[in-house]
Chemist: 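Take a look at this one; I'll ask things after.
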2 protein chains.
Amino acid sequence: MMTTAEADKDDCQKPSRREMRRRAMLDAANALFLEKGYGATSLTDIVKHSGGSLATLYELFGGKEGLFRSIVEEGCAEFFSFLNDMDAGQPSHDILRVVAQRFIEGVLADDGAFLRLVISEAGQFPEIGMAFYSAGPANAIRIIGNYLAGQSGRGTFEIDDTEAAADTFISMLLYDLQMRLLCRIPGKPTRRQIEKHVDHVVDTFLKLYAPSSHSTGPRQAPKAPGGSRKSRDVK
Amino acid sequence: MMTTAEADKDDCQKPSRREMRRRAMLDAANALFLEKGYGATSLTDIVKHSGGSLATLYELFGGKEGLFRSIVEEGCAEFFSFLNDMDAGQPSHDILRVVAQRFIEGVLADDGAFLRLVISEAGQFPEIGMAFYSAGPANAIRIIGNYLAGQSGRGTFEIDDTEAAADTFISMLLYDLQMRLLCRIPGKPTRRQIEKHVDHVVDTFLKLYAPSSHSTGPRQAPKAPGGSRKSRDVK
DNA sequence: GTCTATAAAAGGATAGAC
DNA sequence: GTCTATCCTTTTATAGAC
């Protein structure tokens, strides 16, 4: 027989009762907040899904606000984890396609639910929006900007303001897509459409910043005229 | 002395009591929803600001939802009214600067409060997000796309997919700005910064789509190196 | 520590007087 | 038609048993 303390030392994952409750409540709250929004989600609803009781929730998180802050904190870290995977040592600018693809996958993964939640409550919880922006957009621009700066030194690109270029890249890539998600326009883009968009953005970026007329763009695919059904219309 | 009926006929604006109440309630609700969000605003709070009473509110709007829908309907029409002012007959592409300026002014006008409100409640009120996207982003892309198509015919630009080009233009112009507003990053950009950004976007756009090497860009201003403090950092 | 039961408050909605 | 007063539900928050 082991004491619980010994068990804790033994098992690295330490699934203490407290920690399991905490996780279950965080997960339930996360799902419900993302689905219904902060205001429309009640604590009893969360407890109903997580198990445990209201009193325990208060014991662990201090209330609805505390629970919410924990959710967002975790969410920010997870949501942008893919940013840290960027390997700046890659040879060519094909890496731009890979990065773009990952960005879009990341954005599409939760249908914009997390971003919507942050935006919705940024008014009532001032630090939440700032934390998100720092961990997300600002971080992305810095990382991509740094990458571009490195490549710029090697002659892969000709860019004077690398962060502005990074901003341009991300903006072209995500603006309309994210806006549609946030507005809940139905219908996800197909893999084919995403690929096409990524190609278009990368090509445009290269047209802007590839060393002049060196014509680095390997895919200036001759576009089928009129075949670009993007269906921006809603109805 | 006039009866109220005569007064109504006399005054073309017909500020009937009913209509005045309606306006007052719409205005109060609008302000409160934009400030505190839909869920955090109570009907009693609205009535307290508008005058009148809860019962009248129900008589006029049927409840909180009806009131909210009325708000958003009005808001969409007003928010994008500036789009219809675009005069496609203008001579050069200096009009791009004017358009860009107006877009940014429009976006900054309410600090993103209206867009935030729409995004927040797009989940609970499905048609609201779609109405906004149609009246706003989709409409903007179509209008600018049409303008570009017209100019493209005259040789001002060389564009094959004019709507994609319009998307690029708007994305570069607004993405980071709107994201910062939505996340409540404090500190509005100064007029100087806005002007600089507009110039950068227009120059970039011309670099992409102006007839080759005709060098239409009148303002390829030599940037002071290192002077581009955009302060993307939050802290 | 975890749960049951309940307090306390607030919000949405309505009935009825004027 | 407009207001006052009130009902009923829901929600946050806590006290006390096990």
Chemist: Answer yes if the side chains of A/Tyr175 and B/Asp176 hold a donor-acceptor pair under 3.5 Å, and no otherwise.
Modeler: no
Chemist: Assign A/Ser53 to base, sugar-phosphate, or nothing according to its heavy-atom contacts below 4.0 angstrom with the strands shown.
Modeler: base
Chemist: On DNA chain C, reading 5' to 3', which nucleotide is the first and which the last to sit with an atom under 4.0 Å from a heavy atom of chain A, could you check?
Modeler: C/dT2 to C/dT4
Chemist: Would you mind writing out the side-chain donor-acceptor pairs for residues 57-68 of chain B within the sub-3.5 Å range, not counting sequence neighbours?
Modeler:
from	atom 1	to	atom 2	distance (Å)
B/Lys64	NZ	B/Tyr38	O	3.1
B/Lys64	NZ	B/Thr41	O	2.8
B/Glu65	OE1	B/Arg69	NH2	2.7

Chemist: Which comes earlier along DNA chain D counting from the 5' end, the contact point of A/Thr41 or that of A/Ala55, where each point is its nearest nucleotide?
Modeler: A/Thr41
Chemist: Please state how far atom CZ in A/Phe68 lies from atom C1' in D/dT12, giving the value in whole angstrom units.
Modeler: 17 Å
Chemist: Provide, to the nearest angstrom, the distance between the CG atom belonging to A/Leu67 and the C1' atom belonging to D/dT11.
Modeler: 15 Å
Chemist: The criterion is side chain to side chain donor-acceptor pair (under 3.5 Å); which residues satisfy it with B/Lys36, sequence neighbours excluded?
Modeler: B/Asp45
Chemist: Quick one: side-chain contact (heavy atoms from CB on, under 4.5 Å) partners of B/Asn139, sequence neighbours excluded?
Modeler: B/Leu83, B/Arg142, B/Ile143
Chemist: Using residues 103-113 of chain B as the side-chain source, report each donor-acceptor pair under 3.5 Å to any protein atom, sequence neighbours left out, with the distance given to one decimal.
Modeler:
from	atom 1	to	atom 2	distance (Å)
B/Asp110	OD1	B/Gly112	N	2.9
B/Asp110	OD2	B/Phe114	N	2.8
B/Asp111	OD1	B/Lys188	NZ	3.2

Chemist: How close or far is atom P of D/dT10 from atom NZ of A/Lys36, stated in whole angstroms?
Modeler: 12 Å
Chemist: How many whole angstroms separate atom NZ of A/Lys64 from atom P of D/dA13?
Modeler: 9 Å
Chemist: In whole Å, what is the span from the OH atom of A/Tyr58 to the P atom of D/dT11?
Modeler: 12 Å
Chemist: Using whole Å, report how far CG of B/Leu43 lies from P of D/dC7.
Modeler: 19 Å
Chemist: Tell me, please, which residues at least two apart from A/Pro126 pass side-chain contact (heavy atoms from CB on, under 4.5 Å).
Modeler: none
